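Sequential numbering from 1 along the given sequence is applied to the chain's residues. Note that the coordinates shown come from a computational prediction; the quantities given were computed from them, not determined experimentally.
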Amino acid sequence: MSQMNDSGGAAPSVTPPINEPGLPTGATVRPATDADVHAVADAFPDMQRDRWRGGDNRRSFAALADGHVVGHCRGIDNVFHPGTRTLVFEIDDAHRGTDLEDQLLAAQIAVSTVPLTVKLTRDTPP
C-alpha cells in the first residue's frame, strides 16, 4: 500500500541521512520509534514516534549519539495557519550547536510538503 501526501500524490520515501559528514562521531538521525519515546520520556516529554499517516504529512525523527536518543524533531500540522507545519524540536545541552541539529531539521524539510515554522518548547541558554 502506498502512502499519500497532503496533496494526494505519493508520499516521499525518505530515510534521513546516517553518519553524514559533519555529524558527531556515532551520531545518526532516523524516524523515531516507540522504544525511543519510552527511553527518554522524562527528558523529552513532547517526543512521539514517527506516525506517517496518508494525507496529514506528520513525521517525527530521533537524533542518536552513541546509540542514545539525544534529541528529536516532529512536525505538527498547524491548525491556526492551514497549509503550514509547526516543528517541535528538542536536543540535550551537550549536542546543541552540532550538525546533529541541522540533520534533524533537514529530515523534516525532506519529508514536508508544506512550509515549516518552529515552536520553541524549552528555554534557549544565553
Side-chain angles (χ1 to χ4, degrees):
M1 176 179 189
S2 106
Q3 298 287 334
M4 303 299 284
N5 67 23
D6 56 343
S7 60
S13 174
V14 174
T15 300
I18 297 174
N19 294 328
E20 283 286 312
L23 281 181
T25 302
T28 61
V29 172
R30 61 166 170 71
T33 66
D34 283 326
D36 296 335
V37 172
H38 294 298
V40 294
D42 292 332
F44 302 121
D46 284 330
M47 186 175 185
Q48 294 181 6
R49 71 174 172 85
D50 189 44
R51 296 180 189 185
W52 180 262
R53 289 180 278 184
D56 71 7
N57 195 27
R58 295 180 186 185
R59 299 300 303 263
S60 181
F61 295 98
L64 290 84
D66 298 318
H68 301 283
V69 176
V70 297
H72 75 99
C73 184
R74 69 182 168 97
I76 304 166
D77 292 342
N78 190 330
V79 297
F80 297 106
H81 302 284
T84 65
R85 164 141 317 127
T86 297
L87 297 181
V88 176
F89 182 93
E90 296 179 296
I91 197 157
D92 69 10
D93 292 340
H95 292 88
R96 286 185 186 202
T98 69
D99 286 342
L100 201 49
E101 291 175 315
D102 294 337
Q103 291 301 318
L104 275 172
L105 292 175
Q108 281 293 345
I109 290 167
V111 300
S112 185
T113 60
V114 295
L116 304 175
T117 59
V118 177
K119 173 185 175 185
L120 299 176
T121 60
R122 289 177 32 184
D123 291 335
T124 302

What is the minimum heavy-atom distance between Arg85 and Gly75, and which atoms define it?
CD-CA, 3.3 Å
Quick check: do His68 and Val40 have side-chain heavy atoms less than 4.5 Å from each other?
no
How far apart are the C-alpha atoms of Gln108 and Leu105, what are their side-chain angles, what is the distance that settles it, and do they pass the side-chain contact (heavy atoms from CB on, under 4.5 Å) test?
CA-CA 5 Å; Gln108 281 293 345; Leu105 292 175; 5.7 Å; no
Please name the pair of heavy atoms, one in Thr33 and one in Arg49, separated by the smallest distance, quoted to 0.1 Å.
C-CB, 3.8 Å
Rounded to the nearest 0.5 Å, how far does CG of Leu104 lie from CD1 of Ile91?
5.5 Å
Across all chains, not counting sequence neighbours, the side chain to side chain contact (heavy atoms under 4.5 Å, CB included) partners of Asp42 are none
Residue pair Val70 / Phe44: nearest heavy atoms and the distance that separates them:
O-CZ, 3.3 Å
With sequence neighbours left out, write down each residue that passes side chain to side chain contact (heavy atoms under 4.5 Å, CB included) with His81, or none if nothing qualifies.
Asn78, Thr84
Rounded to the nearest 0.5 Å, what separates atom OG1 in Thr28 from atom CG in Asp66?
9.5 Å
Going through the checks in order, is the side-chain contact (heavy atoms from CB on, under 4.5 Å) test met by Met47 and Val69?
CA-CA 11 Å; Met47 186 175 185; Val69 176; 4.1 Å; yes
Quick one: do Arg96 and Glu101 satisfy side-chain contact (heavy atoms from CB on, under 4.5 Å)? Show the steps, please.
CA-CA 7 Å; Arg96 286 185 186 202; Glu101 291 175 315; 3.9 Å; yes
Say whether, by atom type as modelled, one donor and one acceptor occur between the side chain of Asp92 and the main chain of His95 under 3.5 angstrom.
yes
Nearest heavy-atom contact between Arg74 and Asp46 is NE-O, 2.6 Å
Start with the C-alpha gap between Arg30 and Asp50, add the side-chain angles, then the distance that decides, and say whether side-chain contact (heavy atoms from CB on, under 4.5 Å) holds.
CA-CA 9 Å; Arg30 61 166 170 71; Asp50 189 44; over 6 Å; no
Between Pro31 and Asp36, the two heavy atoms sitting closest are O-OD2, 4.1 Å
When you measure from the side chain of Ser60 to the backbone of Gln48, do you find a donor-acceptor pair of N or O atoms at a distance under 3.5 Å?
yes
Rounding to 0.5 Å, atoms CD1 (Ile109) and CG (Leu87) come to a distance of 8.0 Å
